[in-house]
Novice: 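Sending over a structure as C-alpha cells; questions will come in a sec.
Residue numbering restarts at 1 for every chain, and letters A, B, ... go by the order of the sequence lines. All values below come from the heavy atoms of this structure, side chains included, with hydrogens, waters and symmetry mates left out.
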Protein chains: 4
Amino acid sequence: MCGIIGIFNSTKATELAMLGLFAEQHRGQESCGIAVSDGKYIKSHTGMGLVKDVFTPKIIKKMNGHIAIGHVRYPTRGSSEKKNSQPHIVETLFGPSYALSSNGDLINYWEIRDELEKEGVFFASDNDGELLLKYIVYQIEIKKETIVDAIKNLIRNIKGAYSTVLATKNELYLFRDAYAMRPMCYSELKNGSIAVASESVALDILNPKWKKEMKAAQILKISENDIQEFQIDPQEIRSTETEKHCIFEHIYFSRPDSEIFSENVYKVREKIGALLSKDDVEVDVVVPVPDSSNFIALGYAKKSGKPFELGLIRNHYVGRTFIKPEQTIRDESVTQKFNPLPHFFEGKKIALVDDSIVRGTTLRKIVKLVKNAGAKEVHLRIGSPAVKYSCFYGIDTPTQEELIANNMSEKEICEFTGADSLKFLSWEDLDKSVSRPQNYCKACFNGDYPIK
Amino acid sequence: MCGIIGIFNSTKATELAMLGLFAEQHRGQESCGIAVSDGKYIKSHTGMGLVKDVFTPKIIKKMNGHIAIGHVRYPTRGSSEKKNSQPHIVETLFGPSYALSSNGDLINYWEIRDELEKEGVFFASDNDGELLLKYIVYQIEIKKETIVDAIKNLIRNIKGAYSTVLATKNELYLFRDAYAMRPMCYSELKNGSIAVASESVALDILNPKWKKEMKAAQILKISENDIQEFQIDPQEIRSTETEKHCIFEHIYFSRPDSEIFSENVYKVREKIGALLSKDDVEVDVVVPVPDSSNFIALGYAKKSGKPFELGLIRNHYVGRTFIKPEQTIRDESVTQKFNPLPHFFEGKKIALVDDSIVRGTTLRKIVKLVKNAGAKEVHLRIGSPAVKYSCFYGIDTPTQEELIANNMSEKEICEFTGADSLKFLSWEDLDKSVSRPQNYCKACFNGDYPIK
Amino acid sequence: MCGIIGIFNSTKATELAMLGLFAEQHRGQESCGIAVSDGKYIKSHTGMGLVKDVFTPKIIKKMNGHIAIGHVRYPTRGSSEKKNSQPHIVETLFGPSYALSSNGDLINYWEIRDELEKEGVFFASDNDGELLLKYIVYQIEIKKETIVDAIKNLIRNIKGAYSTVLATKNELYLFRDAYAMRPMCYSELKNGSIAVASESVALDILNPKWKKEMKAAQILKISENDIQEFQIDPQEIRSTETEKHCIFEHIYFSRPDSEIFSENVYKVREKIGALLSKDDVEVDVVVPVPDSSNFIALGYAKKSGKPFELGLIRNHYVGRTFIKPEQTIRDESVTQKFNPLPHFFEGKKIALVDDSIVRGTTLRKIVKLVKNAGAKEVHLRIGSPAVKYSCFYGIDTPTQEELIANNMSEKEICEFTGADSLKFLSWEDLDKSVSRPQNYCKACFNGDYPIK
Amino acid sequence: MCGIIGIFNSTKATELAMLGLFAEQHRGQESCGIAVSDGKYIKSHTGMGLVKDVFTPKIIKKMNGHIAIGHVRYPTRGSSEKKNSQPHIVETLFGPSYALSSNGDLINYWEIRDELEKEGVFFASDNDGELLLKYIVYQIEIKKETIVDAIKNLIRNIKGAYSTVLATKNELYLFRDAYAMRPMCYSELKNGSIAVASESVALDILNPKWKKEMKAAQILKISENDIQEFQIDPQEIRSTETEKHCIFEHIYFSRPDSEIFSENVYKVREKIGALLSKDDVEVDVVVPVPDSSNFIALGYAKKSGKPFELGLIRNHYVGRTFIKPEQTIRDESVTQKFNPLPHFFEGKKIALVDDSIVRGTTLRKIVKLVKNAGAKEVHLRIGSPAVKYSCFYGIDTPTQEELIANNMSEKEICEFTGADSLKFLSWEDLDKSVSRPQNYCKACFNGDYPIK
C-alpha cells in the first residue's frame, strides 16, 4: 500500500499535491513527502508522520514550483526510517534533477539492484521507489536512452506492481506495471493542470474536468504543450491474459468514495454485503466493525431488510496503531479502538460484519466485547473469502503461518472467535461482486500468484 | 469543553489515566497532561497535541505512582500555549504537592484572581484550573483550612462550571459546581481502583464494576481506606431550582456511546432525529453530516422509514482543523473534510441532517457539494434550535454577531445555505428529547443564563 | 570549584550578572544559570555549557528584574545534568520565591539532608546549593525564623566550605562559612548597585567604586535602603584559630588578575617562581606550561635572570577537555593541547615550570614532547609541594591512590616524567609566598584537614 | 581565512582530519565539516560552531573511511549559514562522488559561475569552494576531461587565492593558485598516510615524517600506490614575477608555532618586535595585547632589554565575539576580553605592543583601560605598517572608508587612541622581517594588488 500524487502545470503545485496526499492519507501514515520543480531545479521535503503535520505553512511556502509529485508511505519493504520516505531524488551536477514516487512492491528487486550496483550505482535505501528511479536514470545518463525508452525497458524488465510518477525539471511521466495491480488514475483539472493519483478521491478534491484510469503498461509523457501516450502491449510481458487488479483494494484498502479499476468501491462493498445476506440466519440488527465494513453492512442490511446500526463506536484518534500499555491491560487493547453503545446489544441477535479475517485475534476480542455488552447471538459475516496466502505485491499481510485460515477450519475459526456462526464470502459471490472478476488478483485467497 | 480523568490506587495509574484521556480525546486535542503521585511527591508531564503523541512509552515509564490525574484541553480561556495545559501543579518546600484538572469555565475568574493576587499569590497562566488550585492551596496553606473546607469555600464562592479532580500526595478529591453543568462520573474498577472521568466512555475502557454520576455541589475525598462524601445543598448557592446541565453535550459534544447526565447520548440523538421527521417532506434518502449527526440521522431514518445512507465520506485525518491552502482554493476547504460518494446523489431528494447551525458557512458549502454531486433536492434538518447566544460556561461559540440565527430569519438562512428547505428542532421537541428538560441549560438557544 | 555572582539594584541586573559570570567562566564550564527578581517574582534560566552560549540575547531579554544571582558550575558533587545547575529555586504558592548560588563543598551534607527529608522536604538534586537553600527555607517557612536567623543556624550547623548568595523577591543575602575557604568579595558599583562575586575580576568588569573581601561567618542583608551586617564569631564554630583559605586558589585556580584573600594572585605566583629559582641549576630558558604557570615562570625568569620564553603553544579551543580519538592515537592527546615552537628547543637546557603535579601523566607527556622537540635538558620546576591528599572542600582531585606523590618518591616521580631534574616548592617557600600562611588550608599537601 | 585538511590512506581518516582541524580552529570558528570516502562512496557532516562540538563521538563513529578532507570556515563570501559550510559535495547516480575544501577568495567568481549556470550547473551556495568543485566536475563529467586536466584548466582560468583539496572515492588531489597566497603544506605521516593542511601545526599533531610546502600552481594526485606531481609554470598565469604570499599570515593570522611560506611565524614576529624597538623611547615594561602580539612583544623586550610582562589578562572564553549587553555598558565591551593586572601598571611607562591597527576603536579602549589602571605613559608599538586597503583574497578587512589610516594621519591616530606615542613598523623593517620580501602580497598596506 502507499499513495502517490502528481501535479503538472499549476502555480499551486505543492498545495494541490498536499491536498491530494491528504485525501490518500489512509493509504499510509508512516511518512510522506513532496518534490517540486520550478523548471530550474527540484526541491523536496519528506517527514515521518501525517501530511498535515509534515507540511506546515512554512514548509509549503518554500516549495514553489509548477510540477509536484508526492507520496504517503505505509511501510512494506524497508524499515521505518526517513530515508525510506518518498519521493526519491537523483542529484547531478545540474542539481536535483529527477524525482519519483511509486506504489507497489517489486518481485525481482534484488536481482535488478545487484546489476545496477555492479555498475557502481549508489543506493541510499532499500526502497522500491529508489530502484525504479535509479534504473531509469542509469538508462538515461549512462546508456543515453530517452526517458520514454528507459521506462519501456523498466516495464519490460522489472517485475512487480508499480503505479509510478516521475518528475524531471520540466516534465511529468506516469507509468504502470503490465498487471495494473495498484490503482492509478489521472485527470485534467478545471484550472488546466494535469493531476495523477492512486485513488480518484484525491482527484475529486482538486476539481477535475474528467478522470481516467491509467492502462496497464501505459506510459504518459506530460510536457508543456501536450500529453504523449506510449503503450506497450502487456501481453509481451505478463504471464496472464488479463490485468490483475488487487481485489483487496475494493474489499478493504481504498476509500469507499473512490472509483477503482473502473468500479465504485462503495457499490462493490454493498454488493458483497447483499450477497452475504443470501439465505442467512434471522438477526435483529446488522452492525459493522467500523469504518471499513460500513458499506458491506449497509448492503447486508438493505438486502435482508434488517436494521443497520452503528452499535460499535470507533475511536478515530487511534489510527491503525494502538497505545500499548503493559501486560496486565494489554488484552483489552481492542477496547481502546471500539466501544459498544450502552444497553444497545442487550438481548439482540447480531449480524456482525467485517471485511476480512487475517489473524483472527482482533475479531475474537470484538466478539467478546459485543457478547459482554449483552448480545444474545453474534453471527460473524466476513466480506471476503478466508485469507490463506501472503501478498508480495504491496499489501502488508503476515507470514502464511500466522494466517488463521491456514491453521484452522472454518468451524474452528468460528469457535476461536467465540461467534455463534461464521460465514465467509463464497468464491462465486466474490466473482459476482465485481464486473470483470477475471481481471483481479486473488492470490491472497487462492495462492494463484500472477507474477512469479 | 475539555476532558478530565483521575485514578486512585492503581500501580498502573499513569497508564489508566492515559487510556481514559485517550477515550476523551474528542473533548480536546490542543494539549494534554498527566500528574502522578507515588505518595512522596508528584511528577507531571504536559504537551501540545494528542495523547498518543505526548505520552510516549519513555515518558510513561518515568511516571510511576498510584494516584494520577489528567486532562485534555480544548482552548477556551487562555492562549494556545503549553503553560495553559493542565494539570496545574503547586510546588512547596515539600516538592510538587497538589495537582488539579478541571473542565468548565468560571464566571467571576478575574474577581477571585484579583483577591488572591492582592495576597501575593502567583499565577503562571490565565487558566481556570490554575485559579481553582491556587484558591484551594491558599485556603489550606495560609488560612489553615482543611482541604474539604477549602473546596466547600470554593464551591460557595467561585461561580461557573467546573468538574474538577484534585490530587495531593496521598489523596484524591472530586468536586463539581452547584449547577452540574459539565459531565462528571466515577466508578470503582474491577481491580479495586477508583476512577473519575468527564464521560462514561473513559470509565468503560477501564473495566468498571459500576458507574455513578457526581452530584451537583458534591465533594468526594478518596483516601487509602475509604471514600468520604460531603454534600453542600446546591440551593444555598445556585439561583435556579434545578441542576443546569449543558444540553449541547447531548446534541454534539459528547461521544454517542457515553452516558451523560443519566441519559444515553445516542438515544437522545435518535429521539431528536425521530422528532425531526414528524410530518416532514417525502425524501429518497437520509444522509448525515458525519460523524456528529449519525445518530440523529439514524433516528430520522428509522422513524420515517426512509433509507439511512452514508453518502458523505469524512476524512478523519483532518480532525477539527483544516489545512489552509492559499486563497484560490480556500473555498473548497470543506472538500478536504467531506467527499460525496460518486453517482450516489444523482437525482435524489435528500434529507441532509446536521446537529446545529452556528455560523452557517460550512453547511452552505456542504449543501453546494451535495447539489454539485447531483442531488435533486436538499432538505436541511437540524437537530437543535437555532443558536442565538454565546456560551460562557465552556463551549467555544463565536460572538453573538457571528451567529447566523441572530442576523437572519429561518427563511433567509435556508436561502443562504442553498437548501430547498430548512427545519430546526422545535422548542417542544427539544424538551421531549431528554427526560428531565428543566434540568438543562439552553442559554445558547434562549439566552436564559443560569449563572449571571 | 564553581563561581558565584550577585547584583542588587540595577535595571540591568541580568546583564551585569552575565558579565560577571563571564569573567568567572574559568571556575566552571559545565553549566551556568541566572535567577532574577523584579520584586514580584523570580525568573531563572540555566543551561549546560558556556555563559555566552546559554545566555542568548533572546533569553536575556526575558529576564528583566533588579536583583540577579548567578552561577557557573564545575562538577564536584552531583552528576553532570541540568538539574544540578544553579541557582536553585524554591517555589511556593506565591511563585518562585527564593534563589541561591553557592561555591564550595559540604561535609555533613547527608546528615543534614536526612534530617530535612524526615520532615518531608523535597530534594530535586544532589547539589550542595539545594541543601543550603532548602535548609534556609525550612527554617523560614516551617520554623518561622527570620532569614538572618535561618542563615545563622546554617552557619552554625552546616559544615564545609560555602560562599553563598541568596535572593528573595526584594532582598539579597550574602554569607560565607567560618573558615572562609572559597573566595568571596563584594563592592559598590559606580552606578550605585551592589555586586558580589567569587573573584574580584568579576567585579572589575562591572565598574566598582570599591571592593571588599567577605569575612568568615559574616552575613550581609542587602535591602533597598541599607546593608545590614551580622557577624557570628567564627571561633564559636570552627576548630581552628584562623581562617583557612584554599591555597590552591592562588597556585592554580583563580585568575592571575584577581585579588583573592587580600593578596594579588599574580604576585603570589611570581613570588613562588622567584622562590623556586633559588640556588637552582643553570638553564638556557624558562618555559611555562601555559597558561596556568605563566606567572610562576615569569617570577622564576626575573629572579634567575634567564629568558622567559613561550616555547609551548596552547590550543585554547580545547578548554579543559580533550577530544578523545580511539586507542591508537590516544597517547598523543596532550599534543592536541600543547605544541612546541619549531626549532625552539633544539639543544637548549629548559626550566619547564608547572603549577602542580597531581597524577603526573600529563607532565610526562609534555616532557616527552619537549625532549622530542630537541631539548638537551628538561628541569621540571613545580610551583607547589607534592599533592598527597584529596580535597573535600571543592577542588576536584582524584582519590588518594591516584595521586602520584602517594606512590612514588620525588626521585621516582622525576624518572617517571622523564625529566632531568625535578623540584617541588618547599614547605618553607610555600609559607613565604603568601603574607599570612597560617590562614591557609594546605590539606592537599599535608593532610591537615581543618573541618572533619 | 579558513583552514583545510586532507588525509589519505588511514583507517582513522576522520579522526586524523578532526585533529588537524582542531589545530586550525583559529582559522575559522563559524562552521566546520569533514567528508570521508570508504572507496565506495563519500559521507559528509558539517555543522555550525567548533570542531569539538560538531564532531561528537557518535558522529565520528559513523564516518568510517580511509580518505578524509575537512574545513573550518571563517565567513568571507557567503552568509553565515550551514549551506556555506565546506566540504562541498557533488552527488551523481553513483552517490556522493566528489568533495572539496578550499581556503582563499576568488576574483572572477561571478564570471565563472555565470558561464557554468548558462550550462545548467546548479549552485546551492555562494561559496568559492562550491564554484571550484562544480568547475572541476563540469570538466570531468560533461567535457570528459581527466581530473588533472580539469584542475589545470581551473588554475589557468579561475583567478584568486585557493589552497584546495579534492577527494574522489579513491583519490586525493591537492592544488594551489599560481600566487601561493594562502598557506598549504603536506607531509607523509609516520603511519604511512599522506596529510595536507593549511598550517604546519595541523601536520605536527599527526606525527609527520617530513613536511613540505605546496608549490604555486602545483597539482598533486595521490592514489593508492603513488603520488604524481603536475606543475604548471606559474608565469603562464600570474602577472607578477614571484609568488605573492599573504604577509598578514605572519603578522597576525597563523599560529606562532606554524611554519608558513618556509619561515617560522614566531621568528618573523620576534624579528618584527626587535625591529620596532630600534632607537625607541625608554620604557619600564613591554606589554603585549595578548595573545596575537605576544611574540612581537617578546622580540621587542629581548632586543630592548626591557622586561616582558603579561600585564593584560585575556579572557579566552570570548573567542572573537563579544557578548553585547545593551547601550549603557557597551563601551566597556573591551573589558570583557582584557583585564589589567591589579596594581601592575601604576606609575609605569609602557610599550604596548599590538600586531596591527584596522579601525582603531578597540586599541583606543585598551589604551584607556591601561591608563585607568595607572600607567604613566603608553607607547603604542604596532607590528605592521598602517592598513589602508581592503583585502580581496580572503582576509576579512572592513571597507576602505572604515580603515582609520585612510582617514587620519599617524599623529591623528595617536591622538585618537589616547596613546603618548605611536609607531608603526616601517616599510623597510617589514621587508627585513621576512627572508624573501618580494614574494609577499602587501596590498593591504600599499594597494598594490597582484591579481586584478
Side-chain angles (χ1 to χ4, degrees), chain A residues 11-12 15-16 18-19 22-23 25-26 29 49-53 55 57 60 191 200-201 204-207 255-259 264-267 291 294-295 298 301-302 307-310 312-319 321-326 328-329 332 335-336 339-344, chain B residues 11-12 15-16 18-19 22-23 25-26 29 49-53 55 57 60 191 200-201 204-207 255-259 264-267 291 294-295 298 301-302 307-310 312-319 321-326 328-329 332 335-336 339-344:
Chain A
T11 54
K12 306 270 172 216
E15 284 162 314
L16 296 182
M18 183 190 61
L19 287 175
F22 178 64
Q25 186 77 76
H26 64 290
Q29 298 96 43
L50 299 181
V51 174
K52 68 174 172 180
D53 298 328
F55 287 93
I60 304 248
N191 68 4
S200 64
V201 290
D204 290 346
I205 210 172
L206 302 174
N207 273 330
R255 270 176 56 166
D257 44 342
S258 273
E259 219 164 340
N264 285 301
V265 175
Y266 78 97
K267 287 187 180 163
D291 288 339
N294 284 354
F295 286 92
L298 270 172
K302 281 188 220 171
F308 169 86
E309 294 280 6
L310 294 164
L312 286 171
I313 300 301
R314 182 181 166 200
N315 185 337
H316 286 289
Y317 298 101
V318 194
T321 54
F322 293 99
I323 294 174
K324 279 180 201 138
E326 289 189 26
T328 52
I329 43 178
E332 309 307 328
T335 64
Q336 293 173 32
N339 195 41
L341 290 181
H343 314 300
F344 172 82
Chain B
T11 54
K12 306 270 172 215
E15 284 162 314
L16 296 182
M18 183 190 61
L19 286 174
F22 178 64
Q25 186 78 76
H26 64 290
Q29 299 96 43
L50 299 181
V51 174
K52 69 174 172 181
D53 298 327
F55 288 93
I60 303 247
N191 68 4
S200 64
V201 288
D204 289 346
I205 209 171
L206 303 174
N207 274 330
R255 269 176 56 166
D257 44 342
S258 273
E259 220 165 339
N264 285 301
V265 175
Y266 79 96
K267 286 188 181 162
D291 290 339
N294 284 353
F295 286 92
L298 270 172
K302 280 189 220 172
F308 169 86
E309 294 279 7
L310 294 163
L312 286 171
I313 299 301
R314 182 180 167 201
N315 185 338
H316 286 289
Y317 298 100
V318 194
T321 54
F322 293 99
I323 294 174
K324 281 181 198 136
E326 290 191 22
T328 52
I329 43 178
E332 310 307 329
T335 64
Q336 294 172 33
N339 194 42
L341 289 181
H343 314 301
F344 172 83

Novice: What pair of heavy atoms forms the shortest contact from B:Ile205 to A:Gln336, and how long is it?
Specialist: CD1-CA, 3.5 Å

Novice: Quick one: what part of B:Phe344 sits under 4.5 Å from any heavy atom of chain A, side chain, backbone, both or neither?
Specialist: both

Novice: Chain B: which of A:His343, A:Glu259, A:Lys302 shares the most heavy-atom pairs with it under 4.5 Å?
Specialist: A:His343

Novice: Taking salt bridge (charged side-chain N to carboxylate O under 4.0 Å, His left out) as the test, write out the residues that go with A:Lys267, two or more places apart.
Specialist: none

Novice: What residues form a side chain to side chain contact (heavy atoms under 4.5 Å, CB included) with B:Asp53, not counting sequence neighbours?
Specialist: B:Leu50

Novice: Return the CZ to CD1 distance between B:Arg255 and A:Ile313, rounded to the nearest 0.5 Å.
Specialist: 7.5 Å

Novice: With a 4.5 angstrom heavy-atom cut-off, is it the side chain or the backbone of B:Pro57 that approaches chain A, or both, or neither?
Specialist: neither

Novice: Report which part of B:Tyr266 has an atom under 4.5 Å of a heavy atom belonging to chain A: side chain, backbone, both, or neither.
Specialist: side chain

Novice: How long is the straight-line distance from CG of A:Asp257 back to CG of B:Leu341, given to the nearest 0.5 Å?
Specialist: 6.0 Å

Novice: Examine distances only and state if a side-chain atom of B:Tyr317 and a backbone atom of A:Lys52 form a donor-acceptor pair shorter than 3.5 Å.
Specialist: no

Novice: Using non-hydrogen atoms only, which part of B:Asp291 is less than 4.5 Å away from chain A: side chain, backbone, both, or neither?
Specialist: side chain

Novice: For the OG1 atom of B:Thr335 and the CG atom of A:Asp204, what is their distance to the nearest 0.5 Å?
Specialist: 9.0 Å

Novice: For chain A, find which of B:Val265, B:Leu206, B:Ile60, B:Asn264 contributes the most heavy-atom pairs closer than 4.5 angstrom.
Specialist: B:Asn264

Novice: Answer with side chain, backbone, both or neither: which region of A:Pro307 has an atom nearer than 4.5 Å to a non-hydrogen atom of chain B?
Specialist: neither

Novice: If only atom types and distance count, is the side chain of B:Asn315 paired as donor or acceptor with the main-chain N or O of A:Phe22 below 3.5 Å?
Specialist: yes

Novice: Tell me, side chain or backbone of B:Leu310 under 4.5 Å from chain A's heavy atoms, or both, or neither?
Specialist: both

